[in-house]
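For ligands, and for the atoms within them, numbers begin at 1 and follow the listed sequence.
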Amino acid sequence: MVRKVVLYPMPVLRVKCRPITEVTDKHRTLAADMLETMREHHGVGLAAPQVAVEEQITVIDVSHNPQCVSFFKYNGQDADMVQHMPIVCLNPRIELGKDKVTDEEGCLSMPDLRGQVRRSATVKVTFQNLEGETVTIESDGLLARAFQHEIDHLNGILFIDRLSAAAKIGLKRKLQRLMQEWAEDGR
Ligand SMILES: [Zn+2]
């Protein structure tokens, strides 16, 4: 089922999500719904707060572009990235590589907003899957960026928080408009 995507500045986007201690049918349904919602909106990732759930779960799928990573390791072994998509990621822990790269990002919770965000070029992410197994993925490119963006969501952090001061000023008017619309909606 496609769920409603929460839009900025709804407060749930600023919540620090709680870890999932036991995977239940509720989480399996949530993951399926999140994947459906992400695809409906042509996104490459979606985090639970974006569907108003305050738990540490995110989904990612970058298989539309097999060239978007230059390497992919699954539990320490070189693997075919496309074979391991989509990713349903519970309770992630992320290790950031030292090299940084700047690229454009957007967010389904902030339609029409884009910005250049500096992030680590490589990541190592350890998480639980829906089967309760612990998995480690190492990669770069769009997948590394998606992991960082989505895991930020689980900590109440949005990509606009990571823009340069100059870029923030550029987006100020748009952000104020979103605040205004939200206030007027009376939600
Ligand atoms: Zn986002």
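At a cut-off of 3.5 Å, with distance as the only test, no side-chain donor of Q116 or T102 sits close to an acceptor on the other residue. There is no side-chain donor-acceptor pair under 3.5 Å between T122 and D140.
Applying the salt bridge (charged side-chain N to carboxylate O under 4.0 Å, His left out) definition to pairs two or more places apart or across chains, those involving residues 14-24 are R14-D161.
The side chain to side chain donor-acceptor pair (under 3.5 Å) search around D61 returns R39, S63, not counting sequence neighbours. For D80, the salt bridge (charged side-chain N to carboxylate O under 4.0 Å, His left out) test picks out no residue, with sequence neighbours left out.
With waters neither drawn nor counted, the protein N/O/S atoms under 2.8 Å from the Zn ion (ligand 1) amount to 3.
In summary, of the residues considered (R28, R3, K26), a salt bridge (Lys or Arg N to Asp or Glu O under 4.0 Å) with D33 occurs for R3 alone.
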